[in-house]
Each structure stands twice: as C-alpha cells, then as structure tokens.
Amino acid sequence: MRGRSGEQPPRALLSPERLSRARHVAAAPSWRRTSPPPIGCDAARATAAGAAIGRREGGSRGFPGDGRPGAAMASVHESLYFNPMLTNGVVHANVFGVRDWVTPHKMALLVLLSELGRAGSQLGLLERRRLNRLLLPLLQGPDMALSRLRKAIEECCPHLAGSVHIRLKLMAEGELKDMEQFFDDLSDSFSGTEPEVHKTSVVGLFLRHMILAYNKLSFSQVYKLYTALQQYFQKDEKKDGADENEMELTNPEELDGKMEKEELDGPLREEEIACSGPLSQKQAEYFLSQQASLLKNDETKALAPASLQKELNNLLKFNPDFAEAHYLSYLNSLRVQDVFSSTHSLLHYFDRLILTGAESKSNGDEGYGRSLRYAALNLAALHCRFGHYQQAELALQEAIRIAQESNDHVCLQHCLSWLYILEQKIFDSCVLLEHSVNKSLHFGLPYLASLGIQSLVQQRAFAGKAANKLMDALKDSDLLHWKHSLSELIDISIAQKTAIWRLYGRSTMALQQAQTLLSMNSLEAVNVGVQQNNTESFAVVLCHLAELHAEQGYFAAASEILKHLKERFPPNSQHAQLWMLFDQKIQFERAMNDGRYHIADSLVAGITALNSIEGVYRKAIVLKAQNQMSEAHKLLQKLLIHCQKIKNTEMVIRVLLSMAELYWRSSCHTIALPVLLQALALAREYSLQYLASETVLNLAFSQLILGIPEQALNILHMAIEPVLAHGAVLDKGCAMFLVAKCQVASAASYTPQKKIEALESAILNLNEAKTYFAKVDCKEQLRDVLYFQARLFHTLGRTQERNKCAMLFRQLHQELPAHGVPLINAFK
Amino acid sequence: MAAAAMVAAGSSDFSDLREIKKQLLSVAERSRERGLQHSGKWAAELAFALEPLPLSELPPPPVLTEEDARDLDAYTLAKSYFDLKEYDRAAYFLQGCKSQKAYFLYMYSRYLSGEKKKDDETVDSLGPLEKGQVKNEALRELRVELSKKHKAQELDGFGLYLYGVVLRKLDLVKEAIDVFVEAAHALPLHWGAWLELCNLITDKEMLKFLSLPDTWMKEFFLAHIYTELQLIEEALQKYQSLIDAGFSKSTYIISQIAVAYHNIRDIDKALSIFNELRKQDPYRIENMDTFSNLLYVRSMKPELSYLAHNLCEIDKYRVETCCVIGNYYSLRSQHEKAALYFQRALKLNPRYLGAWTLMGHEYMEMKNTSAAIQAYRHAIEVNKRDYRAWYGLGQTYEILKMPFYCLYYYRRAHQLRPNDSRMLVALGECYEKLNQLVEAKKCYWRAYAVGDVEKMALVKLAKLHEQLNESEQAAQCYIKYIQDIYSCGEVVEHLEVSTAFRYLAQYYFKCKLWDEASACAQKCCAFNDTREEGKALLRQILQLRNQGETSSTDVAAPFFLPASLSASNTPTRRVSPLNLSSVTP
C-alpha cells in the first residue's frame, strides 16, 4: 500500500544480495497493480486470430463461447500481483509488531559473534572477509537448521565452526545457568575502552536487540528458550547420525554441495517445508514473498497449487493474523481457476488488511480508506480475470466512486486503466486510453503511462494507422523503459513489436525481434538475478517463433519450441491457451498440406474452443478443401459479416480471399475479381503487406484464367518479391508455380525461339516451386507441378525428363485420390 | 452394571419413565465419579424433571469389581486431587491402575493437565508466531495409548469418549466422528459423547449417514442437532414430543425450546418461555445471553437491567453474564462499555462466538468500521456458519458505501439462512443501489415469500415496480402489503401505509375505477402527510364521476389479488438459497 508506485526504495530488511531482488519483487507488484492493458503482447496478430482477440468480444453474439480474454488479459493477471503488504518485498512488519525474539538460531548466531570476537586477531584476512560477507544474510535471513548454519560457517572458516559447535554443545548439554551466563557475558563486548563491537554497527544493533529481547523474557519463557535450544541442538545431532548412515541414500549433493548464496536464496525445498512443521515468523515471511515472486515470474518453479495451499492452510492455522497468506492463497486459487476460494481469500485478505491499516498510526484513516479502494479495485480485477465483466464493472464503479470521494488520483488512474480494459470488451475507445496516458504521465506513473502507450499502439495497429508512427511511439516508450529499467515493459514492448511485424507480414523482422527478446533475457539473468520466465511476452514470442519455423517447413524445430512452451507454461497455467492454439494451428496447416482433411477437421473443434473466429474460419477452409462449396460459402458469409462488425480487418481480408477462391473454383472468375479487389484495397489500407501480396497472387491467377496472362505476369512482379522475402514456403511454391503458368500461357503468342526460352525459364521456376513444396511435404501441389513439368518437357521434346516427371507424377497420383478439381485450374 | 444400563437404554420409547429415571441417576453418578461434570449435570437435571422414585426402586450402588477394589485407594486420593484441579498430581497417583474407572480418570487428568498448560502457555510464548503453535503436548501421547486400547477393544463408553475428544483436538474429525458414534453405542446414556457429535456434524447429509443407537437418548440428540442445524421446525417437534413423553419439567428442554424460538425470531414466544424458565430456575446462567438478546431486540430496558444485575450477583465472571451486561450497555447506547464487556467475555472464553459478533455490532455503533470488520472476521474464524457475522460484515461494507463489495457477504449469510428475509431484503437493497433491478425484484419477492419479518419487502418491491412503470404489479404489491399490515393487527409504519394508499388511489383513478379510488383516497385522508392529496383526489373523482355518470362505471374490478400472490403462502420450511447470479460466488 505504501510504495505508491513502486518508486520508493524497499526497506532494507534483507541482505544486500537479496536487496536488489527484494526491490524487484516488491516493486513489481506495486507497478503491476497499475498495469492496464498489457496489451502488448498478443497485440498484434499472431495470426488473424491474434488480432481479433482483444477486440472481438464486442459483437460476438453469433459465436458463443467467445469469452477468451485475449491480449488485454495478460496484464490483468499480472496486476493481481499487486499486494499492498508485499510492497517492501517482505511482509510488512506491522503485522507482527517490530519486536525481535530470541530463537535458538539467533543464539547460535550470538555464539558465532562472540567466537568471532574472541578469535578476532587470529583469523586470516580472507577468512575474515568471507565471514563478514556471510554475517549479514545470516542476521537478516530466516531461521535455519543448525547443520545448515554450520556448513555455512565451515565454508568460510572450518576452525571457527568447530569452536561454535563446541560452545553450543556445552551450553545445550550443560545447565540453564550456562545460557544465563552467556547472555551476561554478551554485554561485555560493548564495554572497555576499545570495545570489540561498536554500539551502532549492524552487529552491535543485533547484539543489543537480542540482549534486550532476552531480558524481557519472563521466567518461564527463559526456560522455554533453553529447552528450545536443547531441541535445536539435539535435532542436529540426530540428523548428523542419520546422515552418516544414509550418506549414500540421501542426496549426496546436498551434503557435499557448497553452501552458496544461491542455496541460501534458493527456494525452500519442498520436503524441507513439509517436515519443518510450523514456520518461524521470518521463515513464513520469506516463504510467502518467495512463492509470490515465483508465481509471478516463474510459475513452474513454485510449489504445486495443492501443496502450496496446504502450506498456507497450515500457516494460517498457526497464525490466523498472517493476512498475506490469504493473498497468496488468492493467487494460488487463481492458478487453478477457482472463483469461489479466490474471492473468499481476496476478501479475507482485505478485511484483515483494513484492520492493520487502521491500526498503524502512520497511515491512520488515510491508509484504511485506501485499502478499501484497492479492495474494490482488486475485486474488479478478479471478476475481470474470470470473465465476469458486468460484475467487474460494478466493482470498478465502486472503486472509482470511493477514490473520487477521497481524491486519490493515483488510485483513480488505476481505475481508469481498468475501465479501459473493461470498455475494450464492449467497444473500442481510444479516448479513455489517451486520457489515461496523459494523466498517468502527470501523476508520475511511468509504468501505467507506458502500458497505456502500448495499448494505444496495439489498437492503432489494428485500426491501420501508419506503421512508422507506431514504431516511433514504441521507440519513445522504450526509451522510458530503459531509463526506469522497467524490464517487464521492455519485454512486452519487444513482444509487441514481434507481433506487429507479423501482422504486417514481415516475418524476418518478427523473427529478429523474437530472437532479441529471447537472448536478451539471458543477459538480464546475469544482471538482476530475477528471471521473468513465465510472462505473457515470452509465451507470445515463443509461439510466434514456433509458427515462423513451421511456415518455413522446419517442423522439427517448431515442435521443439512447442515442447519447451509446454514445459514452461504447463497446461493449467495462465498463458497455456496461447501455445495450445498455436500448436493446433500448426498441426492444422500440416494436415491440410498433406491432404489429410479428416485430421484437420478434427482439429477444428480444438481451435474453436480456444478462439471461435479462427475456428469457424478453419472449418470453412476444411469444407472448401472437401469440395463442400455451398456450406463453406455460407459459413464464410456469416463470418464476414461478423468480422466486419467487430472490425477485425485481418480476418475480413482472409475471408474475402477464401471466398474469392470459392468463386474461381466454381469457375466464376468474374465474380471473384471484385472481391479480390476489395481485399486488396483493405490490405493496402491497413498495410498488411503479406495479405496484399497473397491477394495479388489470387488476382493474377484469375487474370490468367480469364485469358490475360501478360497482365497477370505484370502484377505478379509486384507481389513476387515480398512473397519470396517474407512468405511461408508453401506460398513461395504457389507463387513460383503461378509464375510458371503465366509464362507458359503468355508464351503462346511468342515466336518459337522466344517461346522455347520462356518455357525453359518456366521449367526452372517449376523446379524452384517443386523444392518449396517438397519442403512442406505438399504432395498434391507436387503432383500438379510434376504434371505441368511433364507437359512442358513434352512440348520441348525432352522425352527423358518428361518420362521421369511422368513417373513421379504417377507415383504420387496413385497415392492421392483425385478431388475432381481440374489440375491446371487450381492455383493453390 | 454397564451392561445392564446398556440393555435398558436399548428401548427407544418413553413408556417406562421410572426405568429412564433409574438410568439417568446411575449415569449421573458414574459421570461424576469420572470427573465428567457437565454430563453428570445434564443427566441429573433431566432426572430431576421426573417423578421421584420410591426407596425400593432406587438404583443400587455400583458393584465394585476386584480391580476396582485394588485401585480404590489410589482412585479416592486422585479423585480428590482431580476435584481440586491438581491434574498432574492425580495422574501421578493413578499410574498403573487397571480398573476402567481409574484408568479413565488417569487419562482424563492427563488430558486436562495438557489443556490447562496450553492455556497458561499462550500468555507467555516466545514470539507472536509461536502463539498459534501452542499445543496440548499430551494429546499425541494420549492418542497413541488410547488407540492401542481402542484396537484391543478395551475401552468402555467413557474411554471411547475421551479418545474421540483427543482425536477432535488433533483435528482428525473423521476418525473422531467414528469414535463418538462408537461411544454412543457403547454407552448411550453419556450425553457428552452426543454433544461432541453435535459439534462435528455440519449438515443434514452427514446426519443421515450416521448409524446411531436406537435409544431414547437419540431423541434428545436429534432435537439438539436440529436446533444446531437451524432445522427449527423439526427441533420443536422433537422437543414437543419429549415434553409429551413426560419431561415437561425439564429446564433443559424448556431452555432449548426458547433458543429454538429465538432462532426463528418468534420473539414473544421465546420471551415468555424464558420468563417461565427464570421462574423455575432463578439462578440459571446458561442461555441467559440468548434471553438478553431477545430483551435487547424488544428494547425492554428495565427487564434487561434487572437480568444483568441479577446475573452479576450470581456470578460475574461468566461468559453469559458478561454478554448480558454488554447487551445492557449497548441498549443504553454506552457502546464503549459494551465492547469492553464483550471483550471480557472473550477473555473468559476465546471460543465464545456470540461475543465476537456482538462486539462487531458495538464497533459498528461506534462507527469504528475496521474494528468491527476484525471482530466479525474473528467470529467467522471461530464458526464459519455464523450468519450474523457474515451479515454484519455486509452491513459494515454497506455503511462504507460499497454496495457491490458487500453483496458477497450478504450472499454468504443468505446461503446459511435461506429463509431469513432480512438477508434477502439487504441483498435487494444492494442490488437496487447497483441498479440491478431484476435481481433486486427477485430478492424482495423471495423475502416476501419466505415470510417477511420487517414487512418492508413488499413496499420496496412495489416501489421498484413503480420505478419501472409496471403500475399493475406495483398496485398488487401495495394491496398485498396493506392486507398484510392490517391482518397482523398492528400498524407498523404510517408512512408506508399512507404511500401505499396514495399510490393505489392514483392507480385506481387512472384505471377509472372510481369506487376503489375514492375508498383509497378516503384512507389517505386518515394520514397527515397524504391528507391534502387525498382530498384533492376525492374532489377530482367526484367531478369526473358526475361527468361520466352515464358511461360505463359498472366494470367493477374487485379489490383483486393476483394469482401468483395469493397462491404463495409463507413457507416456514427450509428453502434452497436463491440463485442470484450464476457467476458470483
């Protein structure tokens, strides 16, 4: 709640190493709550469908089940990570009171310190430095088992570890008075003319805290502490014995593994949590912030939902006041899409939070009111996440009203961004977004502003605004990101660029951007130590990458990428739908290429479930391929009307193309022409270059059939270049095939000499087409090419080559059933 | 002897009250021997309600076995230590005792010693997180030992009961239920086992699947659990049949009936029963908190004040007393003091749920919403099924002007009490504020259908219809409302009645039903705020009547009732919660 927008530095509760990490963890949630439409990502097209995602919802009456949140939702999820209490990376200390407590672990540290003081001068410089580096994380970290502590000390100075162990042993196996004596002696380190420890140093403060806490203990508490110490020590002894016996059985790495910072920082191992029973306060805090950051950044590494919930329940049973656990349980329930328990946990959390907010004097009434606002806002986010848009709107209205009443502009900005997300489901409104961007800049919320810009870019890209302006805008916001090192937004920005380039049909640029993001990540891991692994940006980029590879016929690579996606985003995780869709689309394309229409047909259902528009489109394609023209036409008509209504231009063009194809397949070329021209105009207007060139190919084909091959050749020159540069292999093959056909057709009027030349070059083009088709395994097209080539060879009188082609053709022809489409007449 | 009791308790009818009395007396004695004070008290109370037995029929003193005789000294010594709450000492001297009685006392002292230490421990723990971790250390050992005995089938009814308690404390609910059922079979007369079972059963379904011994004790158990599960009708029936069987003097049954009436908000009946109870048992403290709630609801200050002072004299350090005093202060609008007393009640027994909720109410009165929320949340933590706490949370957020946010809480309350009109009206109001009129209408309608306590649902529904220009429905609602008000004999609020008449007069006027219109207009004249309007309308009617005398006025539409309204009489049966909106939890 306190770090308004994450810009405040985190309180130095953690070790230096962890500090940076804490800042990261802490800051992110608070920004995230802002996060409006992360538009970004999916932003662009991913294929037509992608484009549709964000906007489709509006008028999708005809397509039930069309509720997939799509682009904007990415952020929604993320912003759920906003947790006012975790702003400092750790749970706010207020919940527990600031008092320190003496625990056996702390006592072990005290022993270490006193030994350090005693041995002081005898220690080597290197050992000393290592010990000093070790001390800070120990003082500020969670309690740990004695064996772990000892190993840590041994790493630095084996001699010291031994003496610490002996002192502890003496104390634990001795009498209560040994412990009392120990604490009496502790305060001596401050006295003397040259005290060993400075009173205000980190170590000095720790010592004084501990002495104070010890002195405050009541009689029975002192005894309890002593028994706790004995248990602490005995547990270690026992474990030691067990370890020696089962050295081979237990994890050997764990024993001789080095006690490194990573291990200290690393996630608590599952069995460790399970067996440790109730966690100490610090451990609990640590556990919560750790799991929260894992959920946010790398869900697969976090505990499984069920076991995490078990842990949380355990935690709450022992301390029901531990409100943050409710928040984490809310996030956890979100993972498994459980509306009921997530609502329950969220509200419980805020009920608790309101309590602490009111109690802390610093915030007073202000903090209390604030948590109310954010409670409503979070509820809106929750409903939005589950697709209850109406409920979300009501909750949002409430948040806005309360925020307005208390003049909280920052909260209002968050509300505005959310409002945009919600409105987006109903109709496009740039107005809100522009307001949001302006205001956010005014209130100094760079994160919010940037996200706003990104959404605007996304929206404008769909609306066909000039590409250079969009890229400029993105570049400007990138500058902001780098300045404020908003790594998350940088990721989104790159993913967005990838998507936009794909939308425009520049696959090489898209490929380059995707690779940039993927390799940049590895750089970041070194620098910051936080790897944001399961953000939507990565999912989007990887999906595009997979599809790009599949388009080029590298199916093995594509499936490799998809396999990786599956590991990174397990099927029940949030962004899993994305790769599922892409996976099915790739499979669909392959099935279509192979002519296995029944398989393609079976995939349609899966695609429809994930994205209904795409599903309908694919269904039409399958119908078309199966020669069920009138059904396909009906479906396409419906789809066209729907897409026009929701302004999904990309899909409109694709539908127009398919319709044109239907027309010329039915030999109605004259009807196809105006449709194609309409598609071309649209594609040009929205600068969807790739679709434009595809339209040109279709146009050229129609002209060819209509008997004006020269004209066709002319316009083909226009399209062939982008197709070869950016197109999918299949399209390249089709284009080359078409060129060859046009060449042959126009050669009819040439002189014999010129004709032979033309035919020769046509054969070359056909060869090229053949290699393309072979790459993607398109047997049907291959067959056509071979037939055509054989005819050409025949005309040229090269019998041997002709026979070879004819033989290959025959082989293929026996394999494939003929579909009754005149061979020469098909362009695709 | 135990066998004899078991056989005797096998009959499930109440024909032989003498036999029952004998059984009760003997089980009271046996419970007392084992330090189970509450069960002993319960049995003794019930026995007191029956006719005294002649000397010849008094149950014989329990027969001592060889084992009992051997352990007699240790038992006698330990029992006296036990009574003085020196549990460890009692356990020490009972070590190695073999007789059932001594063994039970041994285990029971160890259990109680653990519990006592746990309570003491909570005060000085080593850290805030440890606070929740304080456990009864003895539980684990007890469980191991008892489960061994249990497997060997060496436990008698009391032993099984203790085993069940240990299991429950270890949160092994399923096992605990099984063991309690077994205990009830082994010794049906022991009320403690039944009572524990009541606490563990959360719904009717669970009850159905239990195989319970077929004894007359089962009737008491069923009556009790029906009350717990808010199945008041069934509970009242059971209690009535128990009274008919001859327990009419039992204060226990009387108090349970009073509580049941309280639960269905039949305040007058509950009050009269409580008054009766106070006459019979003037020094009773149990259930007096419920009584004070009733007095509070009726704002009976003198009675409440008398009760509070009376109880304070009897024992001021009882949870119930604190609650009554809290209610008393609350009624006098001294909310700080009231909260203080509720806090004291909680200190005496942190699991005393009612106090958390009441404290929440007090904080609400003091406008300390955050403290109220906290108190309610505590109440819910103690018992998730506390509808009042959910309702209170809803109210708090409603006061904070978060109508959407509070929907969730009201809905929870509604789910717990589907036929309580107050939650439905509250839900309806929230929906109205959110402009979700369809849902609001549903809520008001259901509130009316389940029997509206405050009689406001119909007016609100009528106003909604009015807003939506559904004049016919609005008129019907007003008619029904007026009928309701007059049929129950008291005019609750003049304002609403007058608005109803005013609307009806205008409605009939518009429909050109002059007779009805003038009747209603005349009624309007009886109220201050609508008098002028009524008169004006009357004049208009007169005028129009004279004009259109000739035209058709004989389309006499009666004071009609729509079919839907008249068909639905108020069901007191438990109904399923309203399905308000599929997506909201």
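All chains are named by letter (A, B, ...) in the order of the sequence lines, taking the proteins before the strands, and each is independently numbered beginning at 1.
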- prompt: Which bit of A:Leu379 comes within less than 4.5 Å of chain B, counting heavy atoms only: side chain, backbone, both or neither?
  reply: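 The side chain, not the backbone.
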Flag side-chain contact, heavy atom, 4.5 Å: A:Val222 against A:Met179: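 In short, these two side chains touch, coming nearer than 4.5 Å.
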message: According to ring-ring contact (aromatic ring centres under 6.0 Å, His included), who are the partners of B:Tyr387, at least two apart in sequence or on a separate chain?
response: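 For B:Tyr387 there are no ring-ring contact (aromatic ring centres under 6.0 Å, His included) partners, ignoring immediate neighbours.
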- prompt: Do the side-chain N and O atoms of A:Tyr330 and A:His348 include a donor-acceptor pair separated by under 3.5 angstrom?
  reply: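 Side-chain D/A pair, A:Tyr330 to A:His348: absent.
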field: Contact class of B:Asp171 relative to chain A, heavy atoms under 4.5 angstrom
entry: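 Just its side chain gets close to chain A.
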- request: Go through the atoms of B:Leu393 and report whether side chain, backbone, both or neither lie under 4.5 Å from a heavy atom of chain A.
  value: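 For B:Leu393, the contact with chain A is made by the side chain alone.
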Please report, to 0.1 Å, the donor-acceptor pairs under 3.5 Å made by any side chain of residues 356-366 of chain B, with sequence neighbours excluded.
unit_1, atom_1, unit_2, atom_2, d
B:Thr357, OG1, B:Asp386, OD2, 2.8
B:His361, ND1, B:Tyr376, OH, 2.6
B:Glu362, OE1, B:Ser330, OG, 3.2
B:Glu362, OE1, B:His335, ND1, 2.7
B:Glu362, OE2, B:Ser330, OG, 2.7
B:Tyr363, OH, B:Gln343, NE2, 3.0

message: I need the residue from A:Glu398, A:Arg401, A:Gln397 with the largest number of non-hydrogen atom pairs under 4.5 Å to chain B.
response: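 Option with the top pair count is A:Glu398.
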